[in-house]
Number of protein chains: 2
Amino acid sequence: MQALAELQRFTPFKALAGDSQTLLAQGLVTKQCGSADMALHKGQPVSGAYVVLAGRLRVFSLSPNGTEATLYFIDPGETCVLALNCLFNDLLYPAWVQAETPSTIALIPGAVYRRLFEREPAIQNLTVHTLSTLVFRLMSELELVHSSHHKQRLANFILMQSASDGVLHMTQQQLAQHLGTTREVVARLLQEFVARGWVSTRRGAIAIKDLFGLRELVSPGAS
Amino acid sequence: MQALAELQRFTPFKALAGDSQTLLAQGLVTKQCGSADMALHKGQPVSGAYVVLAGRLRVFSLSPNGTEATLYFIDPGETCVLALNCLFNDLLYPAWVQAETPSTIALIPGAVYRRLFEREPAIQNLTVHTLSTLVFRLMSELELVHSSHHKQRLANFILMQSASDGVLHMTQQQLAQHLGTTREVVARLLQEFVARGWVSTRRGAIAIKDLFGLRELVSPGAS
DNA sequence: GGGCTTCAGTAGCAAAAGCTACACAGTGCG
DNA sequence: CGCACTGTGTAGCTTTTGCTACTGAAGCCC
């Protein structure tokens with residue numbers, strides 16, 4: 001099957017025993033998401049484990065007043081841990097998931113995943129490791145949120161998310177949404193960054209000019 | 001052994017196979033913490049899994065500018081998940097842990113815990129479940145932080161942490177630390193709550209007078 | 001009771017963030 | 001070219017939060 005072959009490009013699924021492979025193949029479904037499609041809604045019951053095969057998903061929370069904030073991204077080969085979480089605890093999904101770019105997602109039904117978990121050490125490790133990673137990301141995010149101003153968070157976001165050429169292709173509106181703030185705040189802060197010669201802005205993108213200036217702002221003294 | 005007996009009061013450790021019991025008994029260490037003692041420092045390497053036997057631990061993060069914020073609490077029978085997390089990923093501990101009340105902690109060495117994890121389904125489930133719970137708590141906390149003002153967070157904290165008689169025994173300074181803000185802000189907000197007849201304040205404690213008023217503030221319209 | 005420490009209540013000011021509003025630049029299209 | 005649409009740069013104002021400082025009240029020890 002096509003989907004199974006795709007899935008087996010990624011480590012933990014390569015090493016499964018023969019009958020586990022069959023089990024996996026039986027229930028596997030793939031799902032295509034166009035850019036900006038919602039993959040999962042908040043409050044939706046979770047039917048299985050999600051593994052991203054291609055593209056990129058964005059997990060974010062949406063507050064009553066309309067501001068959203070990105071929690072983290074899921075890249076190919078990674079699984080959506082929140083879904084795992086819900087799977088093992090019978091919870092409703094606690095956030096929103098949207099495709100950043102057109103994406104392909106493999107969906108392993110809950111029952112199948114649980115059986116795999118019982119018998120395959122590789123899946124056990126994958127599960128624990130994935131959960132751990134998420135915990136770590138959330139901790140970092142949480143620490144970041146209440147230990148720093150928007151100024152620092154913006155600098156950090158630019159540093160972390162810019163492509164290897166130091167350019168971040170994103171409108172200020174999107175940037176504001178990722179940080180859970182408004183466009184004006186982003187514009188004001190960027191204006192200051194530009195004045196200091198740290199970045200340059202143009203329509204739809206931001207280019208880093210002084211990496212160390214930004215770094216110094218994010219973690220002062222850590223040179 | 002005393003410590004083992006203590007540990008076995010809690011579910012997953014009751015159901016272990018005989019040889020697992022022996023394994024567990026070999027490496028088990030207990031640790032006493034007085035009130036406000038630090039159980040774990042940030043950046044400290046983690047030597048094993050922590051299970052709280054008695055008392056209560058507080059996990060919090062500390063930002064460069066000195067403000068701290070409570071991430072969550074660990075009650076008897078629960079394990080410190082962050083420690084588990086570090087254990088499986090060889091990470092340094094990412095936060096601080098302090099005893100809220102005098103506490104007893106059982107420490108299961110890393111190697112022992114990993115072997116238990118491999119062979120005991122009960123421990124596997126415990127691990128996954130504990131991690132999941134933490135993920136959920138962190139998600140909620142993160143959502144709360146950036147979707148609501150201090151006013152709402154304070155109301156929420158009072159509702160969640162007050163004893164069954166509706167009284168929260170805590171100074172305003174401590175309250176401010178839990179929320180990652182300052183005493184003045186807490187005092188100002190409480191003043192407003194008092195004016196609306198929602199709570200009454202006295203030295204070292206806050207008493208809830210109008211549960212529904214507070215609830216309405218936390219989640220408007222949810223009656 | 002007197003003196004000390006801790007906690008609570010207030011005030012005033014400065015910084016940060018959010019909201020509304022508008023002018024202008026860039027892009028695409030007929 | 002003119003037009004519409006989207007993204008950016010500003011401005012002014014309000015609310016929230018943070019910081020400094022002082023006063024008074026509650027509890028504790030001698």
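Residue numbers begin at 1 in each chain, while the letters A, B, ... track the order of the sequences.
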Chemist: Can you spot which of B/Thr201, B/Leu217, B/Ile206 makes a side chain to side chain contact (heavy atoms under 4.5 Å, CB included) with B/Phe193?
Modeler: B/Leu217
Chemist: Hey, which sits more toward the 5' end of DNA chain D by its nearest nucleotide, A/Met170 or B/Val185?
Modeler: A/Met170
Chemist: Measure from CG on B/Leu189 to P on D/dT15 and round the result to the nearest Å.
Modeler: 16 Å
Chemist: Whole angstroms only, please: what is the CD-P distance between B/Gln191 and C/dA11?
Modeler: 7 Å
Chemist: Between B/Gly204 and A/His150, name the one whose nearest nucleotide on DNA chain C is closer to the 5' end.
Modeler: B/Gly204
Chemist: Kindly indicate whether the side chain of B/Val167, heavy atoms from C-beta on, has any atom under 4.5 Å from the side chain of B/Arg202.
Modeler: yes
Chemist: Please determine whether a side-chain nitrogen or oxygen atom of B/Thr181 lies at a distance below 4.0 Å from atom OP1 or OP2 of D/dG18.
Modeler: yes
Chemist: Between A/Val52 and A/Thr79, is any pair of side-chain heavy atoms under 4.5 Å apart?
Modeler: no
Chemist: Decide whether a cation-pi geometry holds between A/Arg58 and A/Phe73; the criteria are a distance under 6.0 Å from NZ or CZ to the six-membered ring centre and an angle within 45° of the ring axis.
Modeler: no
Chemist: Let's see if you can work this out: which of C/dG12, C/dG18, C/dC7 has an atom nearest to the side-chain heavy atoms of B/Arg203?
Modeler: C/dC7
Chemist: Measure NE2/A/His149 against P/D/dC19 and give the value in whole Å, please.
Modeler: 8 Å
Chemist: Which nucleotide in the list D/dG7, D/dT10, D/dG12 gets nearest to the side chain of A/Ala187?
Modeler: D/dT10
Chemist: Nearest whole Å is fine: how far is C/dG9 C1' from B/Arg202 CZ?
Modeler: 17 Å
Chemist: Looking at A/Thr201, I'd like to know whether one of its side-chain N or O atoms comes within less than 4.0 Å of OP1 or OP2 on D/dT8.
Modeler: no
Chemist: Using atom CD of A/Glu184 as one end and atom P of C/dC22 as the other, report the distance to the nearest whole Å.
Modeler: 14 Å
Chemist: Write down the distance between CZ (B/Arg183) and P (C/dA8), rounded to a whole number of angstrom.
Modeler: 8 Å
Chemist: Rounded to the Å, how far apart are A/Gln172 CD and D/dG9 P?
Modeler: 5 Å
Chemist: To the nearest Å, give me how far apart CZ (A/Arg153) and C1' (C/dA16) are.
Modeler: 14 Å
Chemist: So among B/Ile74, B/Leu57, B/Leu53, which one has a side chain to side chain contact (heavy atoms under 4.5 Å, CB included) with B/Ser103?
Modeler: B/Leu57
